[in-house]
Amino acid sequence: MVYITGDTHGDNDYDKLHCLYDFNVTYDDTLIILGDAGICWIGEITQEYIELYEKLHITIIYVDGNHENFDYLETLPVVEYHGALMHKVSDHIYHVMRGEIMNIEGFSMLCIGGAKSMDKYLRKEHYSWWPQEDISVHDIDNARENLKKCDYRVDLVLTHCCDSYTLIALLRFPPDRNTEMLNFIDEEVAYRYWMFGHYHQDATLGDKKCCLYQSVLCVNDLMKAK
């Protein structure tokens with residue numbers, strides 16, 4: 001089974017994952033975190049978080065948010081997993097790179113992490129904030145190259161922030177460069193659901209777009225319902 005949730009921020013929002021014990025998950029199951037996993041952070045706390053998340057006994061894949069230690073991620077080995085390029089964090093934890101399309105249990109998923117930190121003026125560069133947080137033209141080019149291989153059709157779009165239209169319509173926040181970079185998805189990609197985190201709330205726009213924070217959804221059940 002494939003489960004999906006919003007930001008976990010290391011141990012700050014970890015408790016919501018305790019529900020996975022009720023589902024009797026194994027490493028054959030997958031938990032997707034929609035950015036700001038915060039597992040790879042600063043110093044020794046990173047290893048503590050890795051051990052904490054490994055205790056869930058489920059395979060974890062996350063898109064990056066804006067609160068990740070990108071310098072650390074860039075030191076990790078790059079592997080191909082579920083058809084996508086990923087950083088291997090530990091035996092059962094992976095960070096999927098931007099613009100990659102992974103296929104899990106028959107579901108194709110376009111993954112594009114990244115977002116703008118509204119609080120970066122309170123943070124220290126390369127210690128608690130990293131300039132690599134922003135979505136780049138290269139990330140979008142990589143997404144388009146991979147989308148060509150599947151005729152621009154996927155089951156799921158998984159991002160940290162959302163596109164500008166959704167940001168204004170659903171959340172009434174002003175758009176920024178990162179949300180503008182994602183506008184191409186509605187214009188060019190056929191998808192069944194678009195799920196994102198970042199905004200610390202659970203909300204939906206229409207029947208295709210979903211912001212996740214505290215909820216933990218089962219993708220298999222979601223797909224059966226549509």
Yes or no on side-chain contact (heavy atoms from CB on, under 4.5 Å) for Tyr191 and Leu156, after CA distance, side-chain angles and deciding distance?
-> CA-CA 6 Å; Tyr191 61 88; Leu156 294 171; over 6 Å; no
State which residues pass side-chain contact (heavy atoms from CB on, under 4.5 Å) with [X]; sequence neighbours excluded, sorted by chain then number.
{"X": "Thr204", "result": "Cys210"}
{"X": "Ala169", "result": "Tyr165, Leu205"}
{"X": "Asn183", "result": "Asp163, Ser164, Glu180, Glu187"}
{"X": "His18", "result": "Tyr14, Asp15, Tyr21"}

Check the pair Tyr53, Val89 against side-chain contact (heavy atoms from CB on, under 4.5 Å), reporting the backbone distance first and the verdict last.
-> CA-CA 11 Å; Tyr53 280 76; Val89 178; over 6 Å; no
Asp71 and His126 side chains, donor-acceptor separation under 3.5 Å = yes
When you measure from the side chain of [X] to the backbone of [Y], do you find a donor-acceptor pair of N or O atoms at a distance under 3.5 Å?
{"X": "Thr5", "Y": "Ile33", "result": "no"}
{"X": "Asn69", "Y": "Cys40", "result": "no"}
{"X": "Glu68", "Y": "Gly38", "result": "yes"}
{"X": "Thr159", "Y": "Cys162", "result": "no"}
{"X": "Arg192", "Y": "Lys208", "result": "no"}
{"X": "Thr46", "Y": "Trp41", "result": "yes"}

Hey, can you pull the donor-acceptor pairs under 3.5 Å for the side chains in residues 105-115, sequence neighbours left out?
unit_1	atom_1	unit_2	atom_2	d
Glu105	OE1	Asn220	ND2	2.8
Glu105	OE2	Met1	N	2.8
Ser108	OG	Asp155	N	3.0
Ser108	OG	Asp155	OD2	3.4

Return the set of residues passing ring pair (Phe, Tyr, Trp, His ring centres under 6.0 Å) with [X] (not counting sequence neighbours), or none when no residue passes.
{"X": "His200", "result": "His9, Tyr213"}
{"X": "Tyr72", "result": "none"}
{"X": "Trp129", "result": "none"}

Does CD belonging to Glu125 count more than 12 external heavy atoms closer than 6.0 Å?
-> yes
Would you indicate whether Arg153, at its atom CZ, is surrounded by more than 12 heavy atoms from other residues, nucleotides or ligands within a distance under 6.0 Å?
-> no
Would you list the pairs meeting salt bridge (Lys or Arg N to Asp or Glu O under 4.0 Å) in which at least one residue belongs to residues 49-59, sequence neighbours left out?
-> none
Which residue pairs pass the salt bridge (Lys or Arg N to Asp or Glu O under 4.0 Å) test with at least one member in residues 29-38, sequence neighbours excluded?
-> none
His82 meets the side-chain hydrogen bond (donor to acceptor under 3.5 Å, both in side chains) criterion, sequence neighbours left out, with none
Hey, what's the ring geometry for Tyr62 with His95, parallel, tilted or perpendicular (30° and 60° as the breaks)?
-> tilted
Charged N to carboxylate O below 4.0 Å: is that the case for Asp134 and Arg177?
-> no
Arg98/Asp141 salt bridge by N-O under 4.0 Å criterion | no
Go through Ile58 and Thr26 one step at a time and tell me if the side-chain contact (heavy atoms from CB on, under 4.5 Å) criterion holds.
-> CA-CA 5 Å; Ile58 191 171; Thr26 72; over 6 Å; no
Could you tell me if the side chain of [Y] sits less than 4.5 Å from the side chain of [X], heavy atoms only?
{"X": "Leu17", "Y": "Thr8", "value": "yes"}
{"X": "Thr30", "Y": "Tyr3", "value": "no"}
{"X": "Cys161", "Y": "Leu182", "value": "yes"}
{"X": "Ile4", "Y": "Leu158", "value": "yes"}

Please determine whether residues [X] and [Y] belong to a single hydrophobic cluster, defined as Ile, Leu, Val, Met, Phe, Trp and Tyr linked transitively by side-chain heavy-atom distances below 4.5 Å.
{"X": "Ile93", "Y": "Ile45", "answer": "yes"}
{"X": "Val216", "Y": "Tyr193", "answer": "no"}
{"X": "Met97", "Y": "Tyr81", "answer": "no"}

Can we call the ring centroids of His57 and Tyr27 under 6.0 Å apart?
-> yes
Should Tyr94 and His87 be marked as a side chain to side chain donor-acceptor pair (under 3.5 Å) after you check the CA-CA gap, both sets of side-chain angles, and the distance that decides it?
-> CA-CA 6 Å; Tyr94 298 83; His87 287 116; over 6 Å; no
Qualifying side chain to side chain donor-acceptor pair (under 3.5 Å) pairs with a residue from residues 111-121, counting only residues at least two apart or across chains = Asn66-Ser117, His67-Asp119, Ser117-Glu133, Asp119-Arg123
